[in-house]
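Structure record follows, encoded as structure tokens.
Throughout, protein chains are lettered first and strands after them, A, B, ... in sequence-line order, and every chain is numbered starting at 1.
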Amino acid sequence: MAYDHTEIEKKWRDEWRKRGTYRVENDTTLPKYYVLDMFPYPSGAGLHVGHPLGYIASDIVARYKRHSGFNVLHPMGYDSFGLPAEQYAIQTGQHPAKTTEENAARYREQLDRIGFSFDWSREVRTSNADYYKWTQWIFLQLFDSWYDPKADMARPIAELITRFEATGCQGQDAEVLTGDIEEAIGPFTAAEWKSFSERTQQMVLQHFRLAYLSDAWVNWCPALGTVLANDEVKDGVSERGGHPVERKRMPQWSMRITAYAQRLLDGLDELDWTTSMKEAQRNWIGRSTGASVRFALSPSPSPEERGMRSEVAPARAGYFTADPAIAGRLMAHANSMRKNPTDAEDKLWQLIRGKGTGEKIRRQHIIDRFIVDFVSLPKRLVIEVDGDIHDLQKEEDAARSIRLKELGFDVIRFTNDEVYRDTHQVRDKIKEVLSKRTNVAEEEKLAERTDVEAATPLPRRGAGGEGTSPSPSEKGPGVKGIEVFTTRPDTLFGVSFLTLAPEHELVQTLTTATQRAEVEAYVKTSTNRSERERQAEVDKVSGVFTGSYAKHPFTGEDVPIWVGDYVLAGYGTGAVMAVPGGDQRDWRFAKHFGLPIIAVTEGADIEKAADERKDAVICSEGFLKGMQVPDAIRRATEELEKLGAGEGRINYRLRDAAFGRQRYWGEPIPIYYKDDIPYPLPESELPLVLPEVDKFLPTETGEPPLARAKNWTYSPLHRRGAGGEGSGSPSPSEKGLGDEGAYPLETTTMPGWAGSSWYFLRYMDPHNEGRFASPEAINYWQQIDLYMGGSEHATGHLLYFRFWTKFLFDRGWIPFDEPAKKLVNQGMIQGVSAFTPVVHTHKAFLHNSDRNGAKAPRFLVSKGRIPQFQENAASDELTSIYKENNPGFPEIQIEEFQATSFLNQHVPIALVDDKDRLNVSLFNDWRSQHAPDEQYRLFLELDGTFVCTREVEKMSKSKFNVVNPDDIIEKYGADTLRLYEMFLGPLEQSKPWDTNGIEGTSRFLKKFWNLFFEGDVLSVSEEAPTDAEQKVLHATLKKVTEDIGKMSFNTSVAQFMIAANELGTLKCHKRDILEPLTIALAPFAPHIAEELWSLLGHADSITTAKWPQWHARFLEESNFSYPISFNGKTRLQLEFPVALSKEDVEAAVLANPEVQLRLEGKAPKKVIVVHKRIVNIVV
RNA sequence: GCCCGGGUGGUGAAAUGGUAGACACGAGGGACUUAAAAUCCCUUGGUCCGUAAGGGCCGUGCGGGUUCAAGUCCCGCCUCGGGCACCA
């Protein structure tokens, strides 16, 4: 009977479905094994042959483990929220849910055809509300948690509040602060905490929550209309689509992954992941040890020089780090100023509040880094009432106005006197100005945004606001100066200047009047430059002097402070101590601006370059002179600590992860705003279902698409959902929120990585309605034993995945803190692309010729004729064609006709045969469909064929090199496809797909099938196997068993081939051989194995069969054929009994006449005999 | 620039320091066949000597080294792929 893959595979697909063969129970009596493939995004393009590679490998392991007595969890589902479906929705108006559904159905169909043992009853999709309910729930847990560095774990935020109420946040306790704000928040007492308004308290808490709202620099991608996480940006463009990305500051939900930096690093040590994967994560986390060094400011320049109040600068200078604390204080201050307005302010407020001017006016509002007295956000008008103090700071006010102007605000000022004299007149004046101003289209957005800003203590906000004169606690000992981070404190004596990032918050403060214009211009241009531009110009040195000086902590000398964009705002403190003698970047900066370069290490040639060696001796003057670098680092750190000018410090490159997306197709963030402060939706309100919208675009005012939804609000007293029915009584906490009505809901949605950060847990218990997964299920299944997926997820998914797992562990929801014990990356299967060389017409025609409107077809040149073209031999031919096509251009001067340069144009690989010959008629058909308007000419070989070129590259639709598994399956069957993908080479390696090779595995299956048949009749004998047959069987079982353990599937397939070939030669049709072999083959080729199994008379599925053990006794040989080598070169083979001792082998070898002949009578210097291996004779 | 991987026939590749190229594709030759497909058999790293049987030499990116023995270990380079990148 011939092997009919189509019929067999269909039969067993149906049968498996019917029988529920792959259904997995949470059966706790069996040992468990959890095999997981990385979550696929169901793209519209469907699967190509590269996608299933990892799935096949993991399926083999899953099936093998099942044969070996494990209860195996091997689920599949879809990461079904994401940008492509949404982009498609924007273009076509199709709801992303619909496209996603269709794509998933197509994926399912394709996956089913390959014969995977997935338990589809456990399928999860991130876009299903019963799934994302729990994604939202986890978000709420993150929002409700802070990271306690003392316990080194996440804790409920309630504990923090209790602590604040009891002891405030002081001294040692201030260390509790994590991440960006670690050092920034000023201490406060319990009493102060209690006196804070609800608003202020919530803002302080934002600094601690693991999911928090802040104003942050983000990667904004205008083309995608959303922010991107760092790992989604590659080389300054978006990973998806390659759109430019710019830096932008905006309110943003973030995840405090930085709190976990050290644990994410440490955890790697115990994981069985590839080194490259671990290295990528280590790199991304980027831990570096060094010291923080504080440079006090040199005596401040006079107020005139500085252009601002002298007391502000040093005080502010105490708050040098990325500085939410100041903002926190600023807000608190703004609040208190609202409560304690000046008389004039209050007088005016009473008139203009409410609808007094026809516009909503806010008072004491933070804009950028200033608190303004009054503002109309929609009309972008700032109203200032100046007290006497302003007379002293005209210049600062001017600077402030400039900054506000940049942001689109105009400022009108009134003096106290004016207000006192006639408040109404002032009001009318304001009304008049307001009425002339156009309402900024983004009214709503702006109002919200700035409110959020105001509600959020912002990093790097600080200096400059009037009335923010520092409290006593901000002055005094707290004043530290400029803090820098360095990994080389040993080079401190080589510091010749400091450099601040242009975004550094002290730049404004430190800039002297004379330098102001230059600095501001510089800061402006460098912040406006896109990331890409900045990256492209890394070799360009730029910077500007602020005019100020800092004090060297050891020498006390004045060190000039510069601004330079080679310093990154986001790393360390955004400031560096420049050691041009020891750091190449500093060196280039110093060279460029003629700053002094001090040699720090012995033997350095500082004229040529900085010396960055770490195995050197310090030579700069000072107490470190003569010390080895590592010793000097230690000593310098100690000295800094003694002086209170710094301390040892560890820095991470890892940034907090941007979490919100200004997009529709994602999980809604379960947050509502009351008084602009984010509050968590009560758990009972989950899931917060993604609302329907009329369009999937941002609103006219630039708000995310969710803002289009009707009633996108939350009313504590009226339950959301299901038409307001069953309005259960609100919980006490809900009551506490008051009943003012509907609060706006958050309009950004979660990023793609949210749902995929915990999906492995849901598979354990996918239908649980009361918990993300039951503790029983989690305790049983535990961690993933084998996680299979692409290495491109090294710094994105896999880091967040580990982060959420650690978090859930901290809060006691799961009993382990790493998701996947073993990780294997399958390589990429590349495509083979075919190209037709095309004459580069610009080179050919446009040379020195007037060519307006001239047309020419594309000249496609067969590979073999290229040399002829390059020698210009075809130019007459081309010229005539060119003239033919341009009858209106009789006088075209084709001065020099050269077709020396060729471009490669993709053609579908399917149109090219295995000798690279193009099927011209199919090609013509394809062209007429694909580019009907474009003319072309083919230049054939002399034999009339057209030969293409080939290249291996990524498999993708646009390169016309995609091979669809469906086609392969139709022709050869799924089992052949599975075997071939495994046979192609080592799993981890990337390799090109070449369909030609598939014949080999296809033949193998036929041969294997034929072992069971004689002619057309099933013929399996019950005869006892011979030793030779047993040897084939057991050698195969041994090899395959060992290879599966090593995930070396290509060699196991080769071994199956050897077995089939040898058993074929032996004409073996014996059950005792074939049956175990069939079980061993089952994980690789499940359909044919299942069919043969049933033909062997089994009613049960082969998947329940026990894995056959191999026995060494069948592999024992009585003789071994020793290779006899002379000086390591094998010359002959001699067979001896295995039992023969080394000495006997040696004697026998030397006695051999051929060996004697080769020795030419000389005695060998040495004879090495390795038992059952080799004999080497040294002569 | 830094950090990871790789580099073996025409191709995909195999090889606990112990016979380099298993297995497969492709190619060449042959059998069966009216023919083709399918199937089966033989040859297939390069090169030289030989009519032949057979034999010699060279070969795992390059150059050194360790060893009785190196694709495998060590040192230095070249090169391809991936990750990170003014990260102080």
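Here B:A85 presents its P atom at 20 Å from CZ of A:Arg287, a figure rounded to the nearest Å. As a whole-Å value, the separation of A:Lys991 NZ from B:A13 C1' is 11 Å. Distance, A:Asn1061 CG to B:A22 C1': 12 Å, rounded to whole Å. One can place CZ of A:Arg588 at 16 Å from P of B:A88, the figure rounded to the nearest angstrom. Spacing between atom CG of A:Asp994 and atom P of B:C25 amounts to 12 Å, rounded to whole angstrom units. In this structure, CZ of A:Phe1126 is placed 11 Å from P of B:G56, rounded to the nearest angstrom. Note: OH (A:Tyr652) to P (B:A88) measures 14 Å, nearest angstrom. Distance A:Arg282 CZ to B:G82 P: 23 Å, rounded to the nearest Å.
A salt bridge links A:Lys1031 with A:Glu1117; the closest basic N to acidic carboxylate O contact falls under 4.0 Å. Between A:Arg282 and A:Asp269 there is a salt bridge, since a side-chain N of the basic residue sits under 4.0 Å from a carboxylate O of the acidic one.
Comparing the same atom, C1', in B:U60 and in B:G45 gives a spacing of 11 Å after rounding to whole Å. Look at the P atom in both B:C23 and B:C42: the space between them is 11 Å, to the nearest Å. Taking atom C1' on both nucleotides, B:U67 is separated from B:G81 by 33 Å, rounded to a whole Å. Taking atom P in both B:C77 and B:G1, the straight-line distance is 12 Å, to the nearest Å. Across B:C73 and B:G83, the matching P atoms stand 26 Å from one another, rounded to whole Å. Atom name P, nucleotides B:C57 and B:A70: the rounded distance is 15 Å, in whole Å. Annotation: B:G21 and B:G59 have their C1' atoms spaced 11 Å apart (nearest Å). A distance of about 16 Å separates the P atoms of B:G61 and B:A15, rounded to the whole Å.
Residue contacts for A:Lys1129: at a heavy-atom cut-off of 4.0 Å it reaches the sugar-phosphate backbone alone, with no base atom in range. Among the heavy atoms of the strands lying under 4.0 Å from A:Lys1007 are primed sugar atoms or P, OP1, OP2 only; no base atom is included. In this structure, A:Asp586 reaches neither bases nor backbone, as no heavy-atom distance under 4.0 Å exists between it and the strands shown.
Comparing B:C86, B:A14, B:A22 by their nearest atom to the side chain of A:Arg585 picks out B:C86. Here the side chain of A:Pro986 is nearest to one of B:A14, B:A85, B:C86, namely B:A14. Listed nucleotides B:A13, B:A88, B:C68 differ in distance to A:Thr486; the shortest reach to its side chain belongs to B:A88. The side chain of A:Val1170 sits closest to B:G18 out of B:C4, B:G18, B:U39. The side chain of A:Glu999 lies closest to B:G26, out of B:A88, B:C3, B:G26. The listed nucleotides are B:G83, B:U19, B:G56; the one nearest the side chain of A:Ala280 is B:G83.
Judged by distance alone, the side chains of A:Asn825 and A:Glu988 never bring a donor and an acceptor atom under 3.5 Å apart. For the 3.5 Å distance criterion, the side chains of A:Thr258 and A:Tyr652 fail to qualify, holding no donor opposite an acceptor.
Between the side chain of A:Asn283 and the base of B:C84, no donor-acceptor pair of N or O atoms lies under 3.5 Å.
Ring centroids of A:Phe1008 and A:Phe1056 are separated by 6.0 Å or more, keeping the two rings apart. Aromatic rings from A:Phe1120 and A:Phe1136 are positioned such that their centres are separated by 6.0 Å or more.
Phosphate proximity of B:C57 to A:Arg1131: present, with a side-chain N or O under 4.0 Å from OP1 or OP2. Side-chain N/O atoms of A:Ser288 include one lying less than 4.0 angstrom from OP1 or OP2 on B:A88. Between B:C3 and A:Arg653, no contact under 4.0 Å exists linking OP1 or OP2 to a side-chain N or O. Remark: A:Gln989 is in phosphate contact with B:A13, judged by side-chain N or O atoms under 4.0 Å from OP1 or OP2.
Taking the O4'-C1'-N9-C4 or O4'-C1'-N1-C2 dihedral as appropriate, B:G9 has a value within 90° of 0 and is therefore syn.
Annotation: cation-pi geometry satisfied between A:Lys1038 and A:Trp1110 (NZ/CZ under 6.0 angstrom from ring centroid, within 45° of ring axis).
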